[in-house]
Amino acid sequence: MTKEVSSGGINAVVSTIQHVRLGTGVMRASKALLRMNGQFGFDCPGCAWPEPKDRATFEFCENGAKTLLNITTKKVLDEVFFRNHSIQELSAWSDHELTNCGRLVTPLFKSESSPYFLPISFDKTFDIAARWLSDTTVRDRAVFYTSGRASNEAAFLYQLFARSFGTNNLCDCSNLCHESSGVALSKAIGVGKGTVQLEDFLQAQVIFLIGHNPSSNHPRMLTTLREARLRGANIVVINPLLEPGLKKFRHPQKVGDLIGPAKEIASDYCQINVGGDLALFTAIAHFIMTNYSEKLDDDFIAQYTDGFSNFKDDLLAVEFDELLVQAGVSLNEIEALARLISHHERVIYAWGMGITQTTYGVHTIEAIANVALMHGHIGKAGAGLCPVRGHSNVQGNRTVGITEKPSLPFLTRLKQVFRFNPPTKHGLDVVDSIAAMLKKEVDIFMALGGNFLSASPDTDRTTAALAGLPFAISIATSLNRTHLIAGKHALIIPCLTRVEQDVQKGRPQITSVENSMSIVHASRGTFSPIRPGLHSEVAIIAQIAKRVLGKYPIDWQLHNDDYDLIRDSIAAVLDDFHDYNVRLKNPNGFLLLNPASVRTFPTTSGRAQFHSPKNKKAHQGDYDLMLTTIRSHDQFNTAVYGLNDRYRGIKGERRVVFISEYDIKRLRLREGERVDLISHHQGVIRTALGFLVKQYNIKPGAAAAYFPEANQLVPLESVALESNTPTSKLVPISVKPHRAHDGC
Ligand SMILES: Nc1nc2c(c(=O)[nH]1)N[C@H]1C(S)=C(S)[C@@H](COP(=O)(O)OP(=O)(O)OC[C@H]3O[C@@H](n4cnc5c(=O)[nH]c(N)nc54)[C@H](O)[C@@H]3O)O[C@H]1N2
Ligand SMILES: Nc1nc2c(c(=O)[nH]1)N[C@H]1C(S)=C(S)[C@@H](COP(=O)(O)OP(=O)(O)OC[C@H]3O[C@@H](n4cnc5c(=O)[nH]c(N)nc54)[C@H](O)[C@@H]3O)O[C@H]1N2
Ligand SMILES: [Mo]
């Protein structure tokens, strides 16, 4: 009898308990879990999925718990640790070892000749940072990176600092993540954000999950999907891999679910080619146009959209059979999906990295939006577009100004409110920053969180780019590979996490975040700081800014002392945040209304826009398999908590390549053997060594390996058109028997 694999369930509870045992302590862990996502506690530092209004006492999931327990650990990397371990030694540690070694608690400095990071005082740290920044007279030679965990307050202050310093080089993890969604949605509906609320999921008749894996990456979404499914909604998964966690689910916090058969999540599972989504949605639109045209919402199309007739002509000119080949699906499948969409009033289209990190990611989202617009599946209950965001405040960071391409209205408001001239020239995104570093055009790299090196593509070149930098500043909670490589001279500045009390001038401060559904709410740290004297992100930015810019264009110290003032400044710049401090007192926060969700489309024409299909195959030529890079169940991006991937049946191993039975035979491989993966882009060979072949239910022609181990195969030059996002989900590779190498 084969063992049933389901997501959640008792295994999720056991796994959470195991992580509790690994360093946090039972009392501390229960306290942390009880306060997370409650109306008066802190926001889960994991993903951006929203909390329901009537939050359960335990509103968390197994993977949110892992992230939380990793930062509430009692293990610290103190002065002795850095005396005992040289930079070279630490550079050889795995991501797993680095993730789990504990919290950073002391500022650290390395000079070019030093084999060790040396603990220094905070004052000295801020002085060194300020001196290097002040000496950077060509301001565009500084790059300011952000990862999506910073609060709105920290992010706003950080972008204000960078812009008043003189650059728009504000790249962020979005550049590697949902950038394609922002670009495509802005073109299609005028706003780069999703249009649905949690309640819509409970009214939807059909929910598409396209290229994302909520069973590991947004486990609380499964609770929503379970309810939708129990209510009779169809849930359609579009994915080249069979994700067992999306087939079956047991709610770990509902006793009834822990016994008896697991609940079905997916009602339909469409296994397509890697990168086949553009062809799939074009084929669906084509099929509907030719077979179910009476089901189109003509009134909606006439009243709210532009470009339909061109779109229709171009769509019907596309070679339909070619689309089926590119998508790797049968006519029957297209017919079934087209029927589901066209015969239902309320359809939600949710998607993730399987779409955004491909060459035609922007065009694929346009194709999804086309299908929604054809039926008026937007701006009404139970229907709409839903990019499922990653980091807990990645959306908020963008809203308050973290972007290398600020809009003119935003800059104009900054200018009016703070009386300075912000730079208007667009800045560097992540990929362009790496290219500029390689050309020695960057002198300083500053990071507000994140792990730029391991998150970026082309690991070897990104390593060279960061290592060649004159100076790097990392504000971080735990040690990672970027800190060990970036900069000939470098500072690591430890900071408080959002779970810890942040007291300024004797007053506890709150911060705020925006979730994937545009709800802004407060987060209050409740734990004592892991070490007295640690600074918040806001304080670190303010202290550096004060030293570099004095009181220009704001009094940084005053804003450091009272975060209400930062929120007042945000409200002065962004109308949607009016009465920010007052509205934040609402336990459920407040909604930043997306006008597209009420059928107001702020595009240039004032209407939602159809886009003609781009019927392109992304990669021609010879390759064995199309590789996609994925997350395991035991990691949060580059933070690797454990070496298992429970639902996919992997234990104690991360250098794994998932290949179908068909391709294992075709390529004369054996399950369990080690192979080398080789990508060749424009004649340049990149090799990742020693991956274990795992036979898996994955579309023939496709392969999958974990991020960040496979990142060195992703060429820096291979990016999604229009969004410049690395194509981490579309890497043509060949597979060769493993050559034994020293140390591998
Ligand atoms: N526990 C945990 N939670 C997380 C994260 C984490 O690492 N761990 N990361 C956070 C972040 S920043 C983000 S952005 C999100 C990421 O969440 P996801 O968007 O779920 O990210 P991935 O793991 O990259 O999963 C991509 C999914 O797309 C599928 N896929 C791959 N290629 C294709 C393709 O060509 N077409 C289609 N249709 N599918 C494809 C893969 O099989 C996989 O199921 O999760 C957030 N939440
Ligand atoms: N091949 C491939 N590459 C990818 C992806 C992929 O699917 N495939 N996914 C991409 C995606 S979607 C994303 S979002 C990026 C992620 O890119 P990043 O956001 O840069 O990476 P993370 O791993 O989330 O960053 C983890 C580090 O952030 C720091 N940190 C954690 N919490 C805090 C905090 O509260 N404050 C501060 N200051 N620091 C903190 C810790 O030092 C930790 O080591 O990676 C991208 N890279
Ligand atoms: Mo992400």
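Everything quoted here is computed from the prediction, not taken from an experiment. Both counts, for ligands and for their atoms, begin at 1 and track the order of listing.
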Using a 4.0 Å cutoff against the non-hydrogen atoms of [X], which atoms of ligand 1 qualify?
X	result
N63	1 (N)
V274	35 (O)
H391	12 (S)
C47	47 (N)
T628	31 (C), 32 (N)

How about S728 and T629: does a side-chain donor come under 3.5 Å of a side-chain acceptor?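 No, because no side-chain N or O of S728 sits under 3.5 Å from a partner of the opposite role on T629.
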Using only heavy-atom distances, determine whether the side chains of H178 and Q395 contain a donor-acceptor pair under 3.5 Å. no
Identify the closest protein heavy atom to [atom]: which residue and atom is it, and at what distance?
atom	result
atom 34 (C) of ligand 1	G354 O, 3.3 Å
atom 42 (O) of ligand 1	N239 OD1, 2.7 Å
atom 25 (O) of ligand 2	G450 CA, 3.2 Å
atom 16 (C) of ligand 2	N637 ND2, 3.6 Å
atom 21 (O) of ligand 2	N451 N, 3.6 Å
atom 35 (O) of ligand 1	G275 N, 2.7 Å
atom 47 (N) of ligand 2	A455 O, 2.6 Å
atom 1 (N) of ligand 2	N711 OD1, 2.7 Å
atom 40 (C) of ligand 1	P240 CD, 3.3 Å
atom 36 (N) of ligand 1	D277 OD1, 2.8 Å

Aromatic contact between F691 and F658, with the criterion being ring centroids under 6.0 Å apart: yes or no? no
Taking N or O atoms only and a 3.5 Å limit, does [X] qualify as a polar contact for ligand 2?
X	answer
C177	no
S456	no
R498	no
T629	yes
T477	yes

Return the orientation label for the [X] and [Y] ring planes: parallel under 30°, perpendicular over 60°, tilted otherwise.
X	Y	value
F42	F527	tilted
F636	H391	tilted
F81	W93	perpendicular

Closest by any non-hydrogen atom to [atom]: pick that one out of [options].
atom	options	value
atom 46 (C) of ligand 1	P214, A704, G390, C270	G390
atom 38 (N) of ligand 2	K729, E709, E537	E537
atom 6 (C) of ligand 2	Q357, Q635, M353	Q357
atom 43 (C) of ligand 1	E243, H212, H633	E243
atom 23 (O) of ligand 1	N217, N213, L209, I355	N217
atom 14 (S) of ligand 2	G352, S392, C173	C173
atom 5 (C) of ligand 1	F636, F707, F658, W49	F636

With atoms numbered from 1 as shown, which atoms in ligand 2 lie under 4.0 angstrom from a non-hydrogen atom of [X]?
X	answer
N480	27 (C), 42 (O), 43 (C), 44 (O)
G449	37 (C), 38 (N), 39 (N)
R149	31 (C), 32 (N), 33 (C), 35 (O)
C495	36 (N), 37 (C), 38 (N)
Y145	17 (O), 18 (P), 19 (O), 20 (O)
T638	22 (P), 23 (O), 26 (C)
A476	38 (N), 39 (N), 42 (O)
R631	6 (C), 7 (O), 9 (N), 10 (C), 11 (C), 12 (S)

Can you tell which part of H218 has a heavy atom less than 4.0 Å from ligand 1: side chain, backbone, both or neither?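 Just the side chain.
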Without swapping roles, check the side chain of [X] against the backbone of [Y] for a donor-acceptor pair under 3.5 Å.
X	Y	answer
D502	G525	no
N273	G701	no
T358	L730	no
N711	S454	yes

Has I475 got any heavy atom lying under 4.0 angstrom from an atom of ligand 2? yes
Return the CD1 to CG distance between I272 and L280, rounded to the nearest 0.5 Å.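 Between I272 CD1 and L280 CG, I get 5.5 Å after rounding to 0.5 Å.
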Applying the side chain to side chain donor-acceptor pair (under 3.5 Å) criterion to D429, which one of T725, N724, N175 satisfies it?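 It is N724; the other options fail the test.
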R461 and side chain to side chain donor-acceptor pair (under 3.5 Å): which partner among D458, T459, T463? D458
Between [X] and [Y], does any side-chain N to carboxylate O distance fall below 4.0 Å?
X	Y	result
R654	D634	no
E500	R531	no
E717	R686	yes

Considering all heavy atoms, the nearest [X]-[Y] contact:
X	Y	result
F117	L484	CE1-CD2, 4.2 Å
P387	L185	CG-CD1, 3.8 Å
L453	R481	CD2-CG, 3.8 Å

So, is S216 polar-close to ligand 1, with some N/O to N/O distance under 3.5 Å? yes
Walk me through it: do R648 and S216 pass the test side chain to side chain donor-acceptor pair (under 3.5 Å)? CA-CA 11 Å; R648 300 192 188 111; S216 289; 5.7 Å; no
Would you check, one step at a time, whether the test side chain to side chain donor-acceptor pair (under 3.5 Å) holds for N152 with N393? CA-CA 8 Å; N152 280 357; N393 196 35; 3.1 Å; yes
